[in-house]
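Just so it is clear: chains get the letters A, B, ... in the order the sequence lines come, proteins before strands, and each one is counted from 1. These numbers come from the heavy atoms of this one structure, side chains and all, not from hydrogens, waters or symmetry mates.
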Protein chains: 2
Amino acid sequence: MKISIDLRSDIPIYLQIVEQIRQQLTSGGLKPGDQLPTVRALASELRINFNTVSRAYRVLDQSGIISTQQGRGTYILETPPPEVVERLQLESLDALSRHYLRQTSRLGFSLEEAIKHLRQQAGKPDTGDQNFS
Amino acid sequence: MKISIDLRSDIPIYLQIVEQIRQQLTSGGLKPGDQLPTVRALASELRINFNTVSRAYRVLDQSGIISTQQGRGTYILETPPPEVVERLQLESLDALSRHYLRQTSRLGFSLEEAIKHLRQQAGKPDTGDQNFS
DNA sequence: TGTATCATTGTATCTTTGTATGATTGTACA
DNA sequence: TGTACAATCATACAAAGATACAATGATACA
């Protein structure tokens with residue numbers, strides 16, 4: 001579980017945590033049944049208050065992604081509702097795109113510069129709508 | 001932190017604050033990492049409204065001199081020399097792009113889908129995360 | 001086994017921090 | 001005058017932290 005937060009971001013810490021856990025779930029870094037770090041452990045690692053982690057977990061809990069139980073811990077749900085999984089993909093893409101735009105913008109790059117760079121990185125300087133995995 | 005304002009000056013209070021903090025930074029009175037007084041503390045000391053202090057801090061924040069974080073406080077930022085900044089910019093863009101490509105790819109989106117999404121996101125100015133509430 | 005006790009886990013609530021929005025004030029100028 | 005604008009203030013809000021608490025688990029011991 002590697003979660004990193006950016007205190008300078010204009011996205012609240014607890015939402016950064018939410019987004020990263022969602023992404024790790026969709027990207028396979030986290031699997032159903034996995035135990036998440038305890039609120040205190042993650043908070044200590046990130047040097048923030050554990051209530052902030054708790055808040056992030058509560059959001060994920062209410063989204064039906066995890067299950068938190070007082071005195072036991074926090075776990076990825078075994079059977080996340082299918083529509084939740086589906087929505088997760090789009091939500092993750094949203095979060096990724098926002099993050100990318102925010103950061104490149106902060107670095108002083110324009111949208112077009114960023115996109116151009118993306119294409120170069122992808123090794124396909126021009127169009128084509130194929131996957132690039 | 002000794003800041004003094006002159007109510008009779010024709011310079012706005014918030015700009016007086018901005019100037020004095022800038023000066024204390026160059027004169028070494030303030031160092032990177034230092035915490036500035038809270039908006040309320042400084043406002044109380046100067047007997048002005050805390051929103052005026054907040055406004056000064058916002059100016060400094062947008063200049064990249066300080067970092068204000070809701071619920072945490074306001075801090076002087078580390079400011080690396082310009083040539084380092086320039087190099088870091090490119091490296092950061094590289095890292096950001098690679099990360100974005102890797103993640104969107106994992107989610108099963110094509111490069112063009114991702115870029116299309118980026119443009120859409122750029123259209124709406126950072127709406128924040130509205131997936132739950 | 002049962003249970004006392006303590007450690008570990010998440011929760012509730014209040015305080016402290018900065019933010020958003022709109023009203024008020026003062027000043028310049030037509 | 002009165003209109004326009006910037007600066008400041010008032011109020012309500014949101015994010016993060018501090019503290020005390022409750023639920024669960026682990027361990028020792030009768």
Exercise. Short question: side chain of B:S63, backbone of B:V59 - any donor-acceptor pair under 3.5 Å?
Worked result: yes

Exercise. For A:Q35 and A:G73, which heavy atoms make the closest approach, and how far apart are they?
Worked result: NE2-CA, 4.0 Å

For this session: Taking B:Q103 for its side chain and A:S27 for its backbone only, find out whether a donor-acceptor pair lies under 3.5 Å.
Result: no

For this session: Answer whether the closest heavy-atom distance between the side chains of B:I76 and B:K31 falls below 4.5 Å.
Result: no

Between the protein and nucleotides 5-7 of chain C, which nitrogen or oxygen pairs are less than 3.5 angstrom apart?
none

For this session: Give the C-alpha distance, both sets of side-chain angles, the deciding distance and a yes or no for side-chain contact (heavy atoms from CB on, under 4.5 Å) between B:T38 and B:T74.
Result: CA-CA 7 Å; B:T38 69; B:T74 303; over 6 Å; no

For this session: Under the side-chain contact (heavy atoms from CB on, under 4.5 Å) rule, what do A:L46 and A:I3 come out as? Steps first, then yes or no, please.
Result: CA-CA 8 Å; A:L46 300 178; A:I3 294 216; 4.2 Å; yes

Exercise. So, are B:E113 and B:K116 salt-bridged, with charged N and O less than 4.0 Å apart?
Worked result: no

Protein N or O to nucleotides 25-27 of chain C N or O, pairs below 3.5 Å:
none

Exercise. Does any non-hydrogen side-chain atom of A:I13 lie less than 4.5 Å from one of B:Q69?
Worked result: no

Problem set entry | Which atom of B:R72 lies closest to which atom of A:L7, heavy atoms considered | NH1-CD1, 3.2 Å

Problem set entry | Summary of ring-ring contact (aromatic ring centres under 6.0 Å, His included) pairs that have at least one residue in residues 85-108 of chain A, sequence neighbours excluded | A:Y100-B:Y100

Exercise. So which heavy atom on A:Y14 is nearest to which on A:A56, and how close?
Worked result: O-CB, 3.4 Å

Problem set entry | B:S97 side chain vs B:L93 backbone, donor-acceptor pair below 3.5 Å | yes

For this session: Please check if the side chain of A:Q24 supplies one atom and the backbone of A:K2 the other of a donor-acceptor pair under 3.5 Å.
Result: yes

Between the protein and nucleotides 15-19 of chain C, list every N/O to N/O distance that falls short of 3.5 Å.
{"from": "C:dT17", "atom 1": "O2", "to": "B:G71", "atom 2": "N", "distance (Å)": "3.1"}
{"from": "C:dG18", "atom 1": "OP1", "to": "B:T74", "atom 2": "OG1", "distance (Å)": "3.2"}
{"from": "C:dG18", "atom 1": "OP2", "to": "B:V39", "atom 2": "N", "distance (Å)": "2.8"}
{"from": "C:dG18", "atom 1": "N7", "to": "B:R40", "atom 2": "NH1", "distance (Å)": "2.6"}
{"from": "C:dG18", "atom 1": "O6", "to": "B:R40", "atom 2": "NH2", "distance (Å)": "2.7"}
{"from": "C:dG18", "atom 1": "N2", "to": "B:Q70", "atom 2": "NE2", "distance (Å)": "3.3"}
{"from": "C:dT19", "atom 1": "OP1", "to": "B:T68", "atom 2": "OG1", "distance (Å)": "3.2"}
{"from": "C:dT19", "atom 1": "OP2", "to": "B:S54", "atom 2": "OG", "distance (Å)": "3.4"}

Exercise. What are the bounds, 5' to 3', of the part of DNA chain D that sits under 4.0 Å from heavy atoms of chain B?
Worked result: D:dA7 to D:dG17

Problem set entry | Stretch residues 10-18 of chain B: residues that reach within less than 4.0 Å of DNA chain D through a heavy atom | B:P12, B:I13, B:Y14

Problem set entry | Heavy-atom closest pair, residues B:L118 and A:L118 | CD1-CD1, 3.6 Å

For this session: Give a yes or no answer on whether the side chain of A:Q89 reaches the backbone of A:T26 with a donor-acceptor pair at less than 3.5 Å.
Result: no

